[in-house]
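Residues take their numbers from the sequence shown, with the count starting at 1. Note that ligands are numbered from 1 as they come in the structure, with each ligand's atoms numbered from 1 the same way. What's counted below: heavy atoms across the whole structure, side chains too, no hydrogens, waters or symmetry copies.
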Amino acid sequence: MSPSTQQPFQAEVRQLLDIVIHSLYTDREIFIRELVSNASDAMEKLRHTQLAGGTIHDPDLPLEISITTDETAKILTIADHGTGLTREELARNLGTIAHSGTKAFLQSLKESGGSTPGTLIGKFGVGFYSVFMAAKQVRVYTRSAQPDGEPLVWSSDGTSGFTIEDAPGQSRGARLVIELKDDAHEFAQAATVKRILEKYSNFVPFPILLNGERVNTVEALWLKPKNEITDEQYTAFYKFAGKAWDEPRFRLHFAADAPLQINALLFIPTDNPEKFGFGQTEPGVALYCRRVLIDAQPPEFLPEWMRFVRGVVDSEDLPLNISRETMQDSALVRKLGDVIAGRVLKLLEQQSAEEPDKYSAFYKDFARFLKEGVANDFRHRDTLAKLLRFESSLQDAGHLTGLADYVTRMKDGQEAIYYQIAPNRAAIEAGPYLEAFKARSLEVLFAYEPLDDYVFSSLREFDGKPLVAVTREDVKLDDSPVDSAEAPLPEDEVAALCSWLKESLGESVTEVAGSSRLVDAPVLALTPEHAPTAQMRAMMRAMQQEIEPVRVKLEINPRHPMVKNLAAARTRQPDLATLAARQLLDNALLAAGLLEDPRDMVKRLNDLLGRALSR
Ligand code: ADP
């Protein structure tokens, strides 16, 4: 049977091909890397099936990639003896997009209004389809390694669809015959292809032959002694193993014999792979046993938050025939993962101690991952806490400090570690909370992300000291007298004003009290002990959960002229005083990030302005 009718590409593939073919594209040579990497993956898969005792067709074919260039016919051919594809796999794998990264890429492109992605295609790799940057026609001759595989040929010009026909005589694996576009003839020149292979594919773990000559070195770099490896080799390996375009930021190369035999070569990238907002990156540490790939992305091997780490872990203790499914349950794999996770954490701790500036730079790009770890990875929480960094009231803007350093600066008798979460430093410095801590020379850590609220509440304490938000009602500060020329309102008047305020403000306040902590601000809103914080409320709103109306404890500053005037107005101009009281509460809520609906406030402000101007 040889049905040569054309089958359509899935709509997303068409969209992708359209971008690939029509974008002005600078790095189009990467298509060779993508195809070589597919060939290598197919042979890794085959080798694994073989080791696990599966039967494969034509078991004696060599596992190598042979590439030939035909300058006269303008044809490039890339052939492997990997798993090959069945008829159904051809239609599915080369006719649809299953790859979640590519889907996300398309989605974000749609959202950006379809503007030209430029080098982004290169950065994210669109796999097989990238061939159409250079090809006017591609034929994939293949025979699946499965015993019932058929010799077939898939062909397409990359526009609307593809055909699948019989191809008698094709041996196991895949052979891509690429007819080059008129402006892509360079890819039929041996010298060009050689340069590209040396650039991207040197570490492919199978021999690559270009017109019969070996071009790559096939080296398991992780098994070599450190002093025999140059920085350039490390970097080239990182780019290959991590499918990366940036430079490695930190590297960890070690061997261990007990409790497990391990050779590991790991890297932390320069760029945060999630910074473009294309969703979660896939874990990037591959598991090998004596140079044989067991799994390029072993599930649940390292804690999820470590998904930015790239590299290779090789252990002779792993059984070769372990399957992905049993791997997850394997105590050995878990133990191996623990050792590696511990070493990565130790590397970060070391870096933070030895090269604090370099570590801070890492932290600025990767804090998200560490914070996610604090929230989800209970086992490593304490170590992760030491790796967190924040700005602080005692440090210049831009300078980061850790919790351990904070503790060394704590004052005698200071029991808690204080922090405030707000959108930025300016908001904290202009707000009413910091002044009480400043007046008492207490350091406050500044955090700027809603997620930080979750981080602090997951940690609860550090080094035995509770972590306390400065906006909390239960913050206990000593009553050190405030330096002020202004005489305070007498105590009985403060008490009377407070109970009047409580009555006027009703359910919005749990309590109103005179404050000893305020210096320059007239009022302050504090979050009651078990009430949700501003950040939690924002999160609950985003998740469309029911939230109770805001209730705060209001503290008033008895030395503030406005508070004194309010005390006087309360009896003389009760209407105006009530409006002013509500406005003061809203001002305090605004500073606390708790003013959720400003409509009433705007109306009231207009009313107050009207009165002020008509006087
Ligand atoms: P990715 O490699 O990222 O999954 P590709 O678009 O490059 O995406 O390839 C799609 C799929 O086609 C692969 O996952 C694989 O199953 C199959 N494939 C591609 N090239 C080969 C090959 N040389 N041998 C066998 N299967 C292949």
- All side-chain hydrogen bond (donor to acceptor under 3.5 Å, both in side chains) counterparts of Thr192, not counting sequence neighbours: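 Per chain and number, Thr192 pairs via side-chain hydrogen bond (donor to acceptor under 3.5 Å, both in side chains) with Gln189.
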- Could you check Glu274, Glu300, Glu282 and say which one makes a salt bridge (Lys or Arg N to Asp or Glu O under 4.0 Å) with Arg307?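 With Arg307 as partner, Glu274, Glu300, Glu282 yield a single salt bridge (Lys or Arg N to Asp or Glu O under 4.0 Å), made by Glu274.
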- Item | Per atom 27 (C) of ligand 1, closest listed option by heavy atom (Val36, Leu94, Leu85) |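 Nearest option to atom 27 (C) of ligand 1, by heavy atoms: Leu85.
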- Residue selection (non-hydrogen contact nearest atom 20 (N) of ligand 1) among Asn38, Leu35, Leu176: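 Shortest heavy-atom distance from atom 20 (N) of ligand 1: Asn38.
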- Query: For Gly84, is the nearest heavy atom under 4.0 Å from an atom of ligand 1?
  - Reply: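 A heavy atom of Gly84 does come that close to ligand 1.
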- Query: For ligand 1, which atoms, with element, lie under 4.0 Å from some heavy atom of Phe128?
  - Reply: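 Reading through ligand 1 atom by atom, the close ones are 5 (P), 6 (O), 7 (O).
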- Considering only heavy atoms of Thr83, which atoms of ligand 1 have at least one such atom less than 4.0 Å away?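 The atoms of ligand 1 under 4.0 Å from a heavy atom of Thr83 are 25 (C).
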- Side-chain donor-acceptor pair under 3.5 Å between Thr77 and Asp70, yes or no?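 Distance-only check fails for Thr77 and Asp70.
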- For the residue pair Gln350 and Glu355, confirm or rule out a side-chain donor-acceptor distance under 3.5 Å.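 No, Glu355 and Gln350 have no side-chain donor paired with an acceptor closer than 3.5 Å.
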- Phe308 and Trp305 aromatic ring geometry - parallel, tilted or perpendicular at 30°/60° bounds: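 Tilted: the ring planes of Trp305 and Phe308 meet at 30° to 60°.
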- Query: Counting heavy atoms only, which part of Asp80 comes closer than 4.0 Å to ligand 1: side chain, backbone, both or neither?
  - Reply: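 Just the side chain.
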